[in-house]
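Data block below; observations after.
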Amino acid sequence: MLRGFYTAASGMMANQRMQEMLSNNISNVETPGYKQTQGSLRAFPELLLQQMGSKTLPTSTAPVVPDQGEVGSLHTGVYLQETTPDFSQGALKETGVSTDMALVADELPDENGAVLFQVENSDGEARYTKNGSFTVDGEGFLTTNTGYRLLDESGNPINTGGQAFLVSKTGMLTTDNGSTQLAVSYTPDANGLVPEGSDLYVPGENAQPLGNALENEGVNFSVHQNYIERSNVDMNQTMTEMMNTYRSFEMNQRVLKAYDQSMQQAVSEIGRIR
């Protein structure tokens, strides 16, 4: 009985985490460049039950030995195995603001590849973002909406001195004082990027910094000034997934309640001395 109790509880916990992930996606549906997060549920290892007195407890992957009193298999619940960002391209929206830029991957050599803007965080470390809703700070530097400075291909912050500048499709930014190439980075596996908050990503543990997209053969991208890339969250699909997750949570809750009532009855009635 207790095994089923914990199986239902694990299902509720997995559904709760999935619901939190979907809620975060919906809350960022209007965030420029936001990439929705996807989750995958996985079952815990299945056990093969044996009669009491057996000296071993094999799993379902172990060979079955006859005449050892096998009872049957037992599912031990599910868990949210991992969450990964979906880097599919979002739709473009024209804003007419010169500091807005949408980065579009026109052609990539890797199925899970992605191109991103490179910025500098408060500690001077490189970070990556798809949010091209930039602004100009009081010192004339191009920054994200959280104050992180946009970098050029040499790793230096870009100072435009104002909003009067042009950006070509190749990422060449031109002002009255000259031209500089935006730092556009490329990763062959976007699933290895770790969200860090404020629409920033960082390479996973022990991963190398992302390379220059212009130096990668087969990588073709375009920068669209006066546009932003919209979030790739599909509201209809996400709402449907939230409803399914909620129903699954409720079903596990009913099972848990039934087990709880059975345990209560066992304690209060079965053990009663007559």
Hey, can you tell me if F134 and F117 have their rings parallel, tilted or perpendicular (30° and 60° cut-offs)?
-> perpendicular

First locate atom [atom1] of [X], then atom [atom2] of [Y], and finally report the distance between them rounded to the nearest 0.5 Å.
X: N15; Y: L80; atom1: CG; atom2: CG; result: 9.5 Å
X: F249; Y: M13; atom1: CZ; atom2: CE; result: 10.5 Å
X: L103; Y: S222; atom1: CG; atom2: OG; result: 7.5 Å
X: S185; Y: L116; atom1: OG; atom2: CG; result: 7.0 Å
X: T135; Y: F141; atom1: OG1; atom2: CZ; result: 14.0 Å
X: Q225; Y: S98; atom1: CD; atom2: OG; result: 6.0 Å

Cut-off 3.5 Å, side chains only: do [X] and [Y] have a donor facing an acceptor?
X: D86; Y: S88; value: yes
X: S133; Y: N145; value: no
X: Q38; Y: T84; value: no
X: T95; Y: D100; value: yes
X: D199; Y: N131; value: yes
X: T174; Y: S179; value: yes
X: T143; Y: D137; value: no

Would you call E120 and R127 a salt bridge, using N to O less than 4.0 angstrom?
-> no

State whether E30 and K93 are salt-bridged, where the test is any N-O pair (Lys NZ or Arg NE/NH1/NH2 against Asp/Glu carboxylate O) under 4.0 Å.
-> no

When you compare the side chain of [Y] with that of [X], does any pair of heavy atoms fall below 4.5 Å?
X: I26; Y: M235; answer: yes
X: V97; Y: N226; answer: no
X: L142; Y: R149; answer: no
X: L92; Y: I228; answer: no
X: Y34; Y: N25; answer: yes
X: Q181; Y: L173; answer: no
X: M251; Y: R254; answer: yes
X: P157; Y: L151; answer: yes

Hey, could you give me each pair passing salt bridge (Lys or Arg N to Asp or Glu O under 4.0 Å) that has a residue in residues 179-195? Not counting sequence neighbours.
-> none

Non-neighbouring partners of Y128 that pass ring pair (Phe, Tyr, Trp, His ring centres under 6.0 Å), sequence neighbours left out = none

When the ring centroid of Y186 is compared with that of F221, is the distance short of 6.0 Å?
-> no

Give me the one residue out of D152, L150, T170 that meets side-chain contact (heavy atoms from CB on, under 4.5 Å) with L182.
-> L150

Got a sec: does the CE of M172 have more than 12 other heavy atoms crowding it under 6.0 Å?
-> yes

For atom CD of E125, is the number of surrounding heavy atoms from other residues, nucleotides or ligands below 6.0 Å larger than 12?
-> yes

Taking only residues two or more places apart in sequence or in another chain, which ones pass side chain to side chain donor-acceptor pair (under 3.5 Å) with T37?
-> none

